[in-house]
A.B. asks: 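A single structure is presented below for examination.
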Amino acid sequence: MSTASEAAADAEVASSGANTAGLRGNMGVLELIFTVVAFNGPVVVFLGFIPVAVLLGNGVGTPVVFLACGVIVTMLAVGLVTMSARLKKPGGFYALITAGLGRGVGLSSGFTALTCYFVALLSAYALGGIALNTAIVEIFHGPQAPWWVWACLMLIVTSVLGHFNISFSSRVLTLFLACELLLMVAYDISVLAKGGAHGIGFDSFTPNQVFSGSMPIAFLFGMGLFGGFEATVIFRDEVRKPERTIPMATYGVVALLAGLYALTAWCFINSYGAAAVMDVVDKNMVTASTDSIKEYTGQFAYDAATIMLFTSSFALALAAHNISARYVFNLAADGILPRRFGRAHERHVSPHRSSLALSVTALLVLAVFAITNAPEDELYARLAGLYSYVFVIMLLLVTLAIGVFLLRDRVHGKAVGPAVASLIVFAVLCVTLVLATQHFDLLTGATGTLKNVLIIFIWGVTLAGGGLALYLKRNRSDVYHSIGRQ
């Protein structure tokens, strides 16, 4: 299977030494938290996600669902942190699932994770291109251009930043995320200080409201809010003192996301009043959040929110690019992908080759979107929904892997508590996946043939990993035994 050039690349990697065979960085707890939360896109969630969750989920009771999902994700995080501390290997979910469920499922998870984050990257480019065009035209009165022109500009900047060490990107993400958090906190304080539309109400926390509407859909949206929390483990080789940094960052991300989104959703509901908010999001779902910002925080904050929709999208794209590049790097380091992509930059100790390959692939996909005139008003929503679906599959695999690994760990001894917590989350995610499949059209906007094609594609990619592992076991045992950074 290997070509001469591939063999040369293998030799180059093998002879490059420890300094270039792996990644290195110096991120601390806050830098890692900001890098991961940036992938979540807080302003994107506020402006585009919360109104949809209120409308299609359990309405006024949405904040409680967000908190409940935070508890479930915390249970998953306990197992994740415990297993990561015992395994101490790079590769993120790809390595963890391989250790827990074997190389076949592990390689399937590697393909699934790469698909998940690549789709997230494309959705960020789509939203960012649209948001930047809106800001340039409406705020700066500049020229209008197709969304994909601005998306390609984002891609170029992201590619340049991805070439350097992760510490450089983390500083950029920290700056953007700080602005986002400042805007959301200012909004929350303004709503609370002004007493909302009719005084601050606590209707969101009453049983009648919590169990109103569609709880299954509310739960699907709630779990989707925490996308990215798991990425702390993929940066294991690029943080200071990973045994301390990764657990603190993981729990910090979950707590920040659960608290911030529950509080902001509650303030958003109070900004219109519990009795009126459903009519508002039903009639003006797209502008409900920005209109509320303008009313309570002023014109400047409204303009800032318009601009930050772009900066949040850019931060999301950069974070997704960095995570995706590291999955390419780890798959290449194991010989699954060409090994040339598994070599780190000699000076920056970054996955520069995998980063470039990822950018070229994303550019080709954006070109297809541009040539086929993909509808910009639907593209982001469809890609984001597709990401959410794949994300649930990925979480389902890792919760099962964590539970199995911790119950069978003979080196460190069984960890029954974290294992049971992970398996409880696994059961919850099985139900979630069934619901997500049943409501796939609602998540992605895809119906009919397109819906079936997308579902077949997603599961096809996942199963392809297992099929390739079986082939490697029979024909390339050396590569097979390296699966999962073993």
A.B. asks: Of all heavy-atom pairs between Pro51 and Ser289, which one has the smallest distance, and what is that distance?
C.D. replies: CG-OG, 3.2 Å
A.B. asks: Closest heavy-atom contact between Asp409 and Val411?
C.D. replies: OD1-N, 3.1 Å
A.B. asks: If you look at every heavy atom in Ile483 and Ala469, which pair is closest and at what distance?
C.D. replies: CD1-CB, 4.2 Å
A.B. asks: Tell me whether Arg103 forms a cation-pi arrangement with Tyr480, defined as NZ or CZ under 6.0 Å from the six-membered ring centre and within 45 degrees of its axis.
C.D. replies: yes
A.B. asks: Please check: side-chain N/O of Ser482 versus main-chain N/O of Asp334, any donor-acceptor pairing under 3.5 Å?
C.D. replies: yes
A.B. asks: Ignoring hydrogens and geometry beyond distance, is a side-chain donor-acceptor pair present between His321 and Ser355 at under 3.5 Å?
C.D. replies: yes
A.B. asks: Can you give me the closest heavy-atom contact between Leu358 and Ala325, atom names plus distance?
C.D. replies: CD2-N, 3.7 Å
A.B. asks: So, for Phe341 and Phe329, is the gap between ring centers shorter than 6.0 Å?
C.D. replies: no
A.B. asks: On the 0 to 90° scale, with breaks at 30° and 60°, tag the His163-His352 ring pair as parallel, tilted or perpendicular.
C.D. replies: perpendicular
A.B. asks: Which residue in the set Thr399, Val428, Leu407 passes side chain to side chain contact (heavy atoms under 4.5 Å, CB included) when paired with Leu423?
C.D. replies: Leu407
A.B. asks: Quick check: are there more than 12 heavy atoms from other residues, nucleotides or ligands sitting under 6.0 Å from NZ of Lys473?
C.D. replies: no
A.B. asks: In Å, rounded to the nearest 0.5 Å, how long is the span from CZ of Phe221 to SG of Cys69?
C.D. replies: 12.0 Å
A.B. asks: Could you check whether Thr462 and Thr112, counting side-chain N and O atoms only, form a donor-acceptor pair closer than 3.5 Å?
C.D. replies: yes
A.B. asks: Is the backbone of Arg339 close enough, under 3.5 Å, to the side chain of Arg343 for a donor and an acceptor to pair up by distance?
C.D. replies: no
A.B. asks: Please assess Leu107 against Leu331 for the test side chain to side chain contact (heavy atoms under 4.5 Å, CB included), listing each intermediate value before the final yes or no.
C.D. replies: CA-CA 9 Å; Leu107 188 53; Leu331 287 167; 3.9 Å; yes
A.B. asks: Return yes when atom CH2 of Trp147 has more than 12 non-hydrogen atoms of other residues, nucleotides or ligands closer than 6.0 Å, and no otherwise.
C.D. replies: yes
A.B. asks: How about Asn133 and Trp150: does a side-chain donor come under 3.5 Å of a side-chain acceptor?
C.D. replies: yes
A.B. asks: What distance separates Trp148 CH2 from Leu153 CG, expressed to the nearest 0.5 Å?
C.D. replies: 12.5 Å
A.B. asks: Apply the side chain to side chain contact (heavy atoms under 4.5 Å, CB included) test between Thr432 and each candidate in Ile72, Val425, Val392, Thr437; give the one that qualifies.
C.D. replies: Val392
A.B. asks: Using every non-hydrogen atom in the two residues, find where Pro242 and Pro247 come nearest and quote the distance to one decimal.
C.D. replies: O-CD, 3.6 Å
A.B. asks: Can you tell me how far the CD1 atom of Ile33 sits from the CZ atom of Phe229, to the nearest 0.5 Å?
C.D. replies: 14.0 Å
A.B. asks: Counting neighbours of CZ on Arg244 that are heavy atoms of other residues, nucleotides or ligands and sit closer than 6.0 Å, is the number greater than 12?
C.D. replies: no
A.B. asks: Check for a donor-acceptor pair, side chain of Ser108 on one end and backbone N or O of Gly466 on the other, with a separation under 3.5 Å.
C.D. replies: yes
A.B. asks: If I compare all heavy atoms of Gly100 with all of Phe405, which pair ends up nearest, and what's the gap?
C.D. replies: CA-CB, 4.0 Å
A.B. asks: Could you point out which residue of Tyr94, Phe235, Phe93, Tyr117 forms a ring-ring contact (aromatic ring centres under 6.0 Å, His included) with Tyr327?
C.D. replies: Tyr117
A.B. asks: Donor-acceptor check, side chain of Ser84 to backbone of Leu80, threshold 3.5 angstrom: yes or no?
C.D. replies: no
